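These notes concern the structure reproduced below.
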Amino acid sequence: MKIEVNHLTKSYKQKLALDNVSFTLDGPKIYGLLGRNGAGKTTFMEILTGHILASKGEILINGEKPFDNQKLTESICLIKEGNNFQDNLRIKQVFNLYALFHPGWDWDLAYELLDVYDLDLTMKVKALSKGMASALGVIVGLSTKAPITIFDEPYIGLDAAARSKFYELLLREYEKEPRVIIFSTHLIDEVSLMFEEVLILQKGTLTLQHSADYLRDHHYAISGPAEKVQAFLSDQDIIRTKELAGMMTAYVKGNPEDAVAAGFETESIPIQELMIALTESATEKEA
């Protein structure tokens with residue numbers, strides 16, 4: 001599936017949720033869609049799934065617009081942090097509805113995951129704990145086998161062991177049947193090793209889009225005496241610096257071999273830390 005985002009803009013009264021955003025997601029891949037609260041991630045996902053219209057610009061999926069396009073939206077599944085399913089439904093009814101709407105629904109996988117997360121088909125949605133509701137979202141998201149599957153923090157209610165099991169199952173199913181998987185999460189450190197490509201939104205604009213390998217290979221940290229670090233940084237692309245007691249740590253974009261040649265040891269920057277640094281406001285950076 002090819003997703004083309006062309007000059008996408010969405011405004012709510014005087015507030016711009018998305019501001020002239022353009023990028024392309026091409027082919028089966030696990031994407032990390034990152035950014036702080038209010039960055040525009042949820043708005044983008046709602047437009048992608050055909051739930052709302054853009055104010056300007058468009059999203060095309062294999063050349064077609066998703067809004068009011070049932071054939072296309074059948075290939076998309078969005079699982080959010082909460083309120084995914086009607087409270088009065090039982091789990092079996094939820095499964096039946098999603099199986100009806102998504103042609104690729106996998107009943108065998110759904111039943112397997114019910115056992116994994118210790119749920120029962122007769123349980124009502126309104127009776128589920130937060131953790132159980134999150135587990136149901138995970139089960140449905142994986143079982144639809146939708147060519148575009150979006151997880152918007154649906155696993156927040158799961159404990160660490162249950163989340164780890166979800167990541168394991170997702171990778172297993174992705175290897176069996178590759179698809180476009182989009183993660184929007186604040187638990188970046190837990191899932192970043194799964195990302196094949198990373199997009200970062202900030203205040204409705206696209207700050208970064210690169211392969212995860214590129215980010216790991218071309219963004220690094222160095223530490224040392226402030227004077228020595230500052231001398232090296234004079235002609236480098238600096239992301240952020242932090243100084244304490246005469247010592248300085250710097251995040252740098254570029255070739256880490258340059259730093260090694262200058263006598264520094266380099267460290268990779270976790271994607272979560274990189275996202276925070278790239279989306280800092282000027283006030284935060286000066287603090």
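Note that the structure is a prediction, hence the values are computed from the model and not measured.
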Using the side chain to side chain contact (heavy atoms under 4.5 Å, CB included) rule, take L119 and M132 through it: C-alpha gap first, then chi angles, then the decisive distance, then the call. CA-CA 7 Å; L119 297 180; M132 289 177 175; 3.7 Å; yes

Ignoring hydrogens, what is the shortest heavy-atom contact between S11 and L16? Give both atom names and the distance. CB-CD2, 3.9 Å

Could you check whether any side-chain N or O of Y117 sits under 3.5 Å from a backbone N or O of S134, counting only pairs where one atom can act as donor and the other as acceptor? no

Could you tell me how the ring of Y214 sits relative to the ring of H219: parallel (under 30°), tilted (30 to 60°) or perpendicular (over 60°)? perpendicular

Test item: I59 and I3 side chains (from C-beta on) under 4.5 Å apart, heavy atoms: yes

Report yes if the side chains of P225 and M247 come closer than 4.5 Å at any heavy-atom pair, otherwise no. yes

Please check if L109 and Y111 belong to a single hydrophobic cluster, counting links between Ile, Leu, Val, Met, Phe, Trp and Tyr side chain heavy atoms closer than 4.5 Å. yes

Please report the shortest heavy-atom distance between Q209 and T24, naming the atom on each side. NE2-O, 3.0 Å

Just by distance, do the side chain of S143 and the backbone of V140 share a donor-acceptor pair under 3.5 Å? no

Please check if any side-chain donor atom of D213 sits under 3.5 Å from a side-chain acceptor atom of S211, or the reverse. no

N83, CG atom: more than 12 neighbouring heavy atoms under 6.0 Å: no

Classify the ring geometry between Y98 and F85 as parallel (under 30°), tilted (30 to 60°) or perpendicular (over 60°). perpendicular

Donor-acceptor pair, side chain of K145 and main chain of D106, under 3.5 angstrom: no

Please answer whether the main-chain N or O of A160 pairs with a side-chain N or O of S164 as donor and acceptor at a distance below 3.5 Å. no

Heavy-atom closest pair, residues E197 and K29: OE1-NZ, 3.0 Å

Minimum heavy-atom distance between N69 and E64, given as atom pair plus value: ND2-OE1, 2.9 Å

Within a radius of less than 6.0 Å around NZ of K228, do more than 12 heavy atoms belonging to other residues, nucleotides or ligands occur? yes

Is it true that V198 and M45 fall in one hydrophobic cluster, defined by side-chain heavy atoms closer than 4.5 Å? no

Can V94 be reached from L78 by stepping across I, L, V, M, F, W or Y side chains whose heavy atoms are under 4.5 Å apart? no

Could you check I276, I200, I188 and say which one makes a side-chain contact (heavy atoms from CB on, under 4.5 Å) with I271? I188

Using a 3.5 Å distance criterion without hydrogens, assess whether the side chain of R240 forms a donor-acceptor pair with backbone atoms of Y251. no

Tell me, yes or no, whether the heavy-atom count around E267 atom CD, taken from other residues, nucleotides or ligands under 6.0 Å, exceeds 12. no

Is it the case that the side chain of E273 and the backbone of P270 share a donor-acceptor pair, with hydrogens and angles ignored and the cut-off at 3.5 Å? no

Gap between atom NZ of K124 and atom CG of D87 - 0.5 Å precision: 10.0 Å

Spell out, as yes or no, whether a donor-acceptor pair under 3.5 Å connects the side chain of S268 to the backbone of R216. no

Over 12 foreign heavy atoms within 6.0 Å of CG, D118: no

Are any of the side-chain heavy atoms of L171 and Y167 separated by less than 4.5 Å? no

Quick one: does V125's side chain get under 4.5 Å of Q86's, heavy atoms only? no

Heavy atoms only: give me the nearest I239-V252 pair and the separation to one decimal. CD1-C, 4.0 Å

Distance (rounded to the nearest 0.5 Å) between L199 CG and L206 CG: 6.0 Å

Grouping I, L, V, M, F, W and Y whenever their side-chain heavy atoms are under 4.5 Å apart, do L72 and I52 come out in a common cluster? yes

For Y220 and F264, I'd like to know if the aromatic rings sit close, meaning centre-to-centre distance below 6.0 Å. no

Ion pair present between R172 and E112, side-chain N to carboxylate O less than 4.0 angstrom? yes

Heavy-atom count around H186 NE2 within 6.0 Å, excluding the residue itself: above 12? yes

Would the distance check show the side chain of E153 and the main-chain N or O of E81 forming a donor-acceptor pair, the cut-off being under 3.5 Å? no

Verify the cluster assignment for L33 and F195: are they in a single hydrophobic cluster under the rule of side-chain heavy atoms below 4.5 Å apart? no

My understanding is that only one of Y31, Y155, Y174 makes a ring-ring contact (aromatic ring centres under 6.0 Å, His included) with F183; could you say which? Y155

Between NZ on residue K242 and OG1 on residue T249, distance to nearest 0.5 Å: 8.0 Å

Taking every non-hydrogen atom, the tightest pair across R179 and T144: NH1-OG1, 4.3 Å

Indicate yes or no for a side-chain donor-acceptor contact from H218 to the backbone of G254 under 3.5 Å, with no hydrogens or angles considered. no

Side-chain donor or acceptor of K10 paired with backbone N/O of L53 under 3.5 Å: yes

